Amino acid sequence: MGKRPRRQRAVCARISPRSSYLAPHSSFCCYEEDVWTAIARFLSGRSLVMLALTSKWFYRLMMDDSIWKFACLRDLQVPEPKKVSCKWISLYASAFDGSHSYMFRQQEKHIDWMRIGAFSLDSSQALLTERLSAVEIPEAGNMKKILKSGAYCLLKNIKTGIWIADLQLVRCPICDLSKCEGTMQTLDARHIELFLSEGYQDGTWEYQVAGARDIKGNTEAASGAIFDLKHLKDSSTSAIFDVKSWVGKPQDLQPKAKVTVHAVAVNTNLQKNEGLHLKYHVMRAGADGEIVSIRICQQLL
């Protein structure tokens, strides 16, 4: 009598994450939430999404907001903000998908861009300047005199939290200078929630000029910086004023940028020129709302 043919075992999806092919005495389960939560701390946003798509169990675990909060703060290298009004997965996508305001509203004027990084504004006041020399760090008690010089712009009622900074290169004329066929450098900073706001998406919020001036005569570099006024004297902020450590040699004409916990700056060394036209732009969340985006724009005269 011949052997009975072995019955083929059907391949089927696992019904429960707790069902296991392991022996009954084994205490290990590959679906331990604590294990995968720990692993998630080392995964990129793309990897988290790919893992979430493998099963309903992984989707539930990987879409937990705490995981995306950790990933966002880790990759942006910023401290935890006091509060956010959006889900962290949305904030992560907004921060890292490469979108920016010029491409969204002014594609025909946009040339190129470079991601600088993220920084925090937590005092609702920011100081803008095109000066980066360490000897010009302003004293808080001397603010009125400093602002009269025209080299600084003080902004109030800024939306606190995480800010994303990019360096943009756009076509002129974006300001009111006529017969200009050159390009303009822009330090473009925006609150992390800007792209998710209805007022931004429908075009209700517009940029307004907060200050402008001309720098006459040959200018060695086009520089711009944004500082949290509260942290102007912090040791980390002092790295911005250590210009020689990051701007490059005079013959290096490639744009350079520096970001710290509470400040960001850009610098591009220039060839011989006749000066710069400088403008500070801000976008508010409504007519009298908080400032949610800042631009420092510079172009050759």
Side-chain angles (χ1 to χ4, degrees), residues 11-22 28-107 110 112-122 159-168 188-203 205 257 259-261 264 283 285 292-293:
V11 178
C12 60
R14 182 173 297 191
I15 298 174
S16 169
R18 292 298 175 184
S19 61
S20 174
Y21 297 121
L22 301 173
F28 176 79
C29 177
C30 60
Y31 283 89
E32 289 290 345
E33 290 193 9
D34 291 343
V35 172
W36 283 106
T37 299
I39 293 174
R41 297 169 69 90
F42 299 94
L43 300 181
S44 66
R46 178 181 175 84
S47 298
L48 288 172
V49 172
M50 293 177 65
L51 182 58
L53 294 176
T54 59
S55 72
K56 291 182 178 180
W57 188 85
F58 274 117
Y59 183 87
R60 178 187 62 80
L61 184 61
M62 294 299 112
M63 290 299 107
D64 187 274
D65 210 39
S66 63
I67 288 180
W68 287 97
K69 176 182 178 180
F70 178 88
C72 198
L73 298 178
R74 175 200 65 195
D75 293 352
L76 291 177
Q77 298 182 357
V78 291
E80 181 179 343
K82 294 180 180 179
K83 63 177 181 178
V84 295
S85 59
C86 304
K87 289 186 176 181
W88 281 99
I89 187 171
S90 300
L91 295 173
Y92 189 98
S94 174
F96 295 102
D97 69 356
S99 297
H100 51 76
S101 49
Y102 278 110
M103 287 295 288
F104 181 72
R105 291 185 174 179
Q106 300 164 302
Q107 291 189 10
H110 189 258
D112 201 1
W113 73 294
M114 177 181 75
R115 171 56 52 85
I116 299 173
F119 62 105
S120 294
L121 293 176
D122 61 22
K159 188 176 179 64
T160 59
I162 299 171
W163 282 62
I164 311 295
D166 298 319
L167 177 62
Q168 310 287 354
D188 198 14
R190 42 98 178 177
H191 192 272
I192 193 173
E193 297 178 9
L194 176 64
F195 291 163
L196 305 176
S197 303
E198 183 179 349
Y200 175 81
Q201 294 177 354
D202 63 17
W205 300 349
V259 64
T260 67
V261 179
V264 63
M283 176 184 287
V292 290
S293 187

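These values consider heavy atoms only, across backbone and side chains, with no hydrogens, waters or symmetry-generated copies. As the structure is a computational prediction, the values presented were derived from the model and not from experiment.
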Just how far is it from atom SG of Cys86 to atom CG of Leu196, taken to the nearest 0.5 Å? 4.5 Å
Applying side chain to side chain contact (heavy atoms under 4.5 Å, CB included), name anything that partners Ile39, two or more places apart in sequence or on another chain. Val35, Trp36, Leu43
Within the structure provided, determine whether Arg190 and Tyr200 are in side-chain contact (heavy-atom separation under 4.5 Å). no
Verdict with supporting geometry, Trp205 and Leu194, side-chain contact (heavy atoms from CB on, under 4.5 Å): CA-CA 10 Å; Trp205 300 349; Leu194 176 64; 4.0 Å; yes
Taking only residues two or more places apart in sequence, or in another chain, which ones meet Ser293 in a side chain to side chain donor-acceptor pair (under 3.5 Å)? Tyr207
When every non-hydrogen atom of Ser44 is compared with those of Arg74, the smallest separation belongs to CA-NH2, 4.0 Å
Ser85 and Glu193 have their tightest heavy-atom pair at OG-OE1, 2.6 Å
Could you pull out all residues at least two apart from Trp68 that satisfy ring pair (Phe, Tyr, Trp, His ring centres under 6.0 Å)? Tyr92
On a heavy-atom basis, which atom in Asp112 and which in His110 lie closest, and how many Å separate them? O-NE2, 3.3 Å
Measure across Thr260 and Phe119 and return the closest heavy-atom pair with its distance rounded to 0.1 Å. O-CB, 3.4 Å
Hits for side chain to side chain contact (heavy atoms under 4.5 Å, CB included) against Lys69, two or more places apart or cross-chain, chain-then-number order -> Leu73, Glu80, Trp88
Heavy-atom closest pair (Phe195 atom, Gln201 atom, distance to 0.1 Å) is O-NE2, 2.9 Å
How long is the straight-line distance from CG of Asp188 back to CE of Met114, given to the nearest 0.5 Å? 12.5 Å
Closest heavy-atom pair, Met62 versus Ala52, reported as atoms and distance to 0.1 Å, is CB-CB, 3.8 Å
Pairing residues for Ala118 by the side chain to side chain contact (heavy atoms under 4.5 Å, CB included) criterion, not counting sequence neighbours: Leu76, Val78, Ile162, Ile164
Residue pairs passing the salt bridge (Lys or Arg N to Asp or Glu O under 4.0 Å) test where at least one lies in residues 42-68, sequence neighbours excluded: Glu33-Arg60
